[in-house]
Amino acid sequence: MSVADAPARSGAARWLRWVGKHALTGWAILGYVYLFAPIIVILVFSFNDLRGVTHPFNYTWKGFTLDNWAHPFKYSDLAHAMVKSLQIALIASLIATVMGTMIALAQSRYKLRATSLVDLILVLPLTTPEICLGSSLLTLFLTLGRPGLGFTTILIAHVMFCVSFVALTVKARVRGFDWTLEDAAMDLGAPPFRTFTRVTLPLIMPGILAAFLLSFSLSIDDYIITVFNAGNTITFPIAVFNEQKIAVPPQIDVLASMILLVSVGLIAVGTVSRLVRDSRLASS
Amino acid sequence: MAWLVLFFMVPIWYLLRTALSTSDPSGNTSLVWRWANFSDSWSAYHSQYLRSFWYALLCTIFCIAIGYPLAYAIAFRGGRFKTLLLGLVVVPFFTSYLVRTLAWKTILQDDGPLVRVMRDLHLLGGQGRLLSTSWAVIGGLTYNFLPFMILPIYVSLEKIDPKLIEAGKDLYSNSFQSFRKIVLPLSLPGIFAGSLLTFIPAAGDFVNSALLGSTNTRMIGNVVEGNFLETLDYPSAAAISFVLMAIILVLVTIYTRALGTEELTV
C-alpha cells in the first residue's frame with residue numbers, strides 16, 4: 001500500500017505520517033504492556049519468599065524462593081477447590097457441548113419455524129449481566145424449597161451459560177456446511193447414525209472442539225454466577241475470593257501460573273501440529 | 001434448548017416473583033405483589049445504579065480507546081505475525097479472573113513502585129492513592145473486559161477488503177480520509193458488538209469493586225450480592241437485579257436502534 005505514496009509531499013505531511021505510523025505501533029505496544037502487566041506480576045510473585053508468615057499477603061516482594069513451586073498444594077483448601085473447579089468445568093462443558101451442538105445442528109439442518117425465537121433465547125444469556133443470571137437461578141432454587149445448593153446447582157448454572165456459547169460457536173462453523181454430503185453418504189447406503197459419525201461429525205469437529213475449550217475456560221473461571229448457587233461448595237475462584245480477606249498465599253499465584261502455562265502449552269502444541277499437518281498437505 | 005428455557009427463562013420469572021414478595025427475617029418469601037420493592041430499590045440505591053452505569057460507560061470508552069488501535073495494528077500491520085499477536089491478546093485471560101484482579105492490587109498498592117513514581121511526578125498528592133479509588137475499579141473493569149472489545153473489532157477489520165482502501169487512494173483520498181470514510185464505517189459492527197460485550201458485564205460486575213475499590217465505589221452488583229448472600233433480603237435483591245436487567249435491555253434496544261446494526265453474532 002505504502003508504495004503508492006504520492007511523490008510530492010510536503011515535509012510537514014511526511015512528519016505527520018511518520019508520527020501517525022509510529023504512534024499506532026507505540027500505542028499497540030503500550031496496550032500489550034497493559035495486558036501483560038498483571039500476568040508478569042503473577043509469574044514473578046509466585047516466587048515470592050513469604051515463608052514463616054502466618055497470614056501471608058503476597059503484595060510486596062520479600063525475596064526469591066522456589067519453595068512455593070515445590071509445594072504448590074500446601075494449602076489444601078485451595079488444592080481441593082481447584083480439583084472441584086476442574087471437575088465442574090469438565091462435566092459442565094461436556095454436557096454443554098453435546099447440547100449446544102445438537103441445538104446448532106438442528107437449527108441449521110432443519111428450517112425450524114421458531115428459528116428467530118431460538119436465536120433470541122440463545123443470545124439473551126450473553127446480553128444479561130452475570131449477576132442477574134446467578135441471582136435469578138438462586139431464586140428458582142430457593143422457591144423450589146431450597147434443594148441442597150452445591151455441586152449440582154453449580155453444574156446446572158454452568159451448563160446454562162455454556163450452552164449458548166457452544167451453540168453460537170458451532171453454528172458459525174456449520175453455516176457453510178454442505179448438507180448434500182449427508183445425502184451422498186446415505187445414497188451410498190450408509191445408515192443415518194453412520195453418516196453422522198463418519199461424515200458430519202469429523203467435518204464439524206474443529207468447531208465442537210473450540211466450543212468445548214471455550215466453555216471449559218468460562219466454567220473454570222466463573223465466580224459471579226457460581227457464588228450465588230454454590231451453597232457451601234468451594235470452587236477455586238470462590239476460595240480465592242474468600243481467602244483474600246485473610247491471606248493471599250503465593251500458592252494462589254503458583255496455581256494460576258500453572259493453569260496459564262498448561263493452557264498456553266496446549267495451544268502451542270495444537271497450533272504447531274496443525275501447521276505441520278498443513279505444510280505436509282501442501283507439499284504432498 | 002429445553003435446558004435454556006428451564007434454567008434461564010423460568011428463573012427470570014421466579015426472580016420477578018421474588019421481587020414482588022416480602023420476606024421474614026429467616027429468608028422465607030411470600031408473594032404479595034409488592035410493586036413498591038421496585039421503587040424502593042431505586043430510591044435506596046440510585047447512586048449505586050448511576051455509578052455502575054457511569055463506570056461501565058467509562059470502561060467501554062477506555063476499551064475502545066485501547067482496543068481499537070490495537071486491533072487495527074494487528075489487522076493491518078501484523079503481517080505474518082497476525083495469529084501470534086492475536087493469541088497474545090487472549091493469553092493473559094487464561095489465568096483466573098480473580099487472581100488477575102488481585103495482581104492489579106499488587107501493582108496499585110500504596111507503597112508500590114507505581115504509586116511512588118506517580119507521587120514523585122506529582123501526578124498524585126503526597127498521600128494520594130490509586131487503590132480504593134474509582135480509577136482503580138474502572139481500570140480493573142477495563143482490563144478484564146478488554147479482549148471482548150479487541151476480538152470483535154479485529155474480526156470486523158479483518159473482513160475489510162484491502163482493495164477498497166486502494167480504490168480510495170486511487171480516488172485521491174489521503175490516509176486519514178480513507179480511514180474515516182472506509183475503514184471506520186466498515187468496522188462499526190465490531191465496535192457495536194464489542195461495546196455490548198464490555199458494557200453489559202461491566203455494569204453488573206462486583207468483583208473489581210470489591211477487590212480494588214472501597215465503600216465509596218460500591219456498584220449495584222455489590223448491593224445485589226450483599227443483599228442476596230449476606231443480609232438474605234431476597235425480595236429487595238431480586239428487585240434490584242430485575243431493574244438492572246430491565247435498564248440494560250432498554251439501553252441495548254436504544255443503542256441497537258441508534259446504530260441500526262442487527263448483527264449480534266461475533
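The figures here come from the full heavy-atom set of this structure, side chains too, leaving out hydrogens, waters and symmetry mates. Per chain, numbering begins at 1; letters A, B, ... match sequence-line order. Every value quoted in this text rests on a predicted model; they were computed, and no experiment measured them.
- Contact tally against chain B (heavy-atom pairs below 4.5 Å) for Ser257(A), Gly134(A), Ala256(A): the top residue is Ala256(A).
- Applying the salt bridge (charged side-chain N to carboxylate O under 4.0 Å, His left out) rule to Arg100(B) yields the partners Asp221(A); only residues at least two apart in sequence or on another chain are considered.
- Residue contact with chain A, scored on non-hydrogen atoms closer than 4.5 Å, is absent for Val252(B).
- The choice from Ile131(A), Val227(A), Thr169(A), Asp222(A) that makes the most heavy-atom pairs within less than 4.5 Å of chain B is Ile131(A).
- Ala210(B) touches chain A through its side chain: at least one heavy atom from C-beta onward sits under 4.5 Å away, while N, CA, C and O do not.
- Here the straight-line distance linking atom CD1 of Ile107(B) with atom CZ of Phe45(A) works out to 9.0 Å at 0.5 Å rounding.
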Practice prompt. Evaluate side chain to side chain contact (heavy atoms under 4.5 Å, CB included) for Val207(B) paired with Ile224(A), printing each intermediate quantity in order.
Written response: CA-CA 8 Å; Val207(B) 172; Ile224(A) 296 183; 4.1 Å; yes

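- For the pairing with Val99(B), the side-chain contact (heavy atoms from CB on, under 4.5 Å) check across Val41(A), Leu260(A), Leu255(A), Asp253(A) returns one residue only, Asp253(A).
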Fill in: CA sep, side-chain torsions, deciding dist, call: Tyr97(B), Tyr223(A), ring-ring contact (aromatic ring centres under 6.0 Å, His included)
CA-CA 8 Å; Tyr97(B) 176 42; Tyr223(A) 173 71; 8.0 Å; no

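- With a 4.5 Å cut-off on non-hydrogen atoms, Ile248(B) touches chain A through its side chain but not through its backbone.
- The CG atom of Leu102(B) sits 10.5 Å away from atom CD of Glu243(A), with the distance rounded to the nearest 0.5 Å.
- Atom-to-atom distance recorded for Trp27(A):CH2 and Leu70(B):CG is 10.5 Å, nearest 0.5 angstrom.
- Heavy-atom pairs under 4.5 Å with chain A were tallied for Pro201(B), Gly87(B), Pro92(B), Gly67(B); the largest tally goes to Pro92(B).
- Scanning all heavy atoms of the two residues, the minimum distance from Ser135(A) to Ser241(B) falls at OG-OG, 2.9 Å.
- For the residue pair Cys132(A) and Leu244(B), the shortest heavy atom distance occurs at SG-CD2, 4.0 Å.
- In this structure, the side-chain contact (heavy atoms from CB on, under 4.5 Å) partners of Ile259(A), at least two apart in sequence or on a different chain, are Met82(A), Ser263(A).
- Of the inter-residue distances, the one linking Ser96(B) atom OG with Phe241(A) atom CZ reads 12.0 Å to the nearest 0.5 angstrom.
- Tyr34(A) and Trp104(B) have tilted rings, their planes meeting at an angle from 30° to 60° on a 0 to 90° scale.
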Item to complete: Go through the steps for Val262(A) and Phe94(B) under the test side chain to side chain contact (heavy atoms under 4.5 Å, CB included), then give the verdict.
Response: CA-CA 9 Å; Val262(A) 167; Phe94(B) 285 120; over 6 Å; no

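- Proximity of Phe93(B) to Ile39(A): side-chain heavy atoms (C-beta onward) are nowhere separated by under 4.5 Å.
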Item to complete: Might you work through the side chain to side chain contact (heavy atoms under 4.5 Å, CB included) test for Leu35(A) and Leu146(B), ending with a clear yes or no?
Response: CA-CA 9 Å; Leu35(A) 281 171; Leu146(B) 190 55; 3.8 Å; yes

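- Residue Thr142(B) touches chain A through both its backbone and its side chain, counting heavy-atom pairs closer than 4.5 Å.
- Contact of Leu85(B) with chain A is made through backbone and side chain together, with heavy-atom distances under 4.5 Å.
- For chain A, the nearby parts of Ala73(B) are the backbone and the side chain; heavy atoms of each come within less than 4.5 Å.
- Using a 4.5 Å cut-off between heavy atoms, Glu130(A) does not touch chain B at all.
- Pairing each heavy atom of Tyr72(B) with each of Leu24(A), the nearest pair is CD2-CD2, 3.4 Å.
- Interface remark: Asp170(B) contributes no atoms to any contact with chain A (heavy atom separation under 4.5 Å).
- Separating the CD1 atom in Ile66(B) from the OH atom in Tyr32(A) is a distance of 13.0 Å, to the nearest 0.5 Å.
- From Thr106(B), atom OG1 reaches atom CD1 of Ile42(A) across 8.5 Å, with rounding to the nearest 0.5 Å.
- Of the two parts of Ala167(A), neither the backbone nor the side chain holds a non-hydrogen atom closer than 4.5 Å to a non-hydrogen atom of chain B.
- The contact between Val89(B) and chain A is made by backbone and side chain atoms together, counting heavy-atom distances below 4.5 Å.
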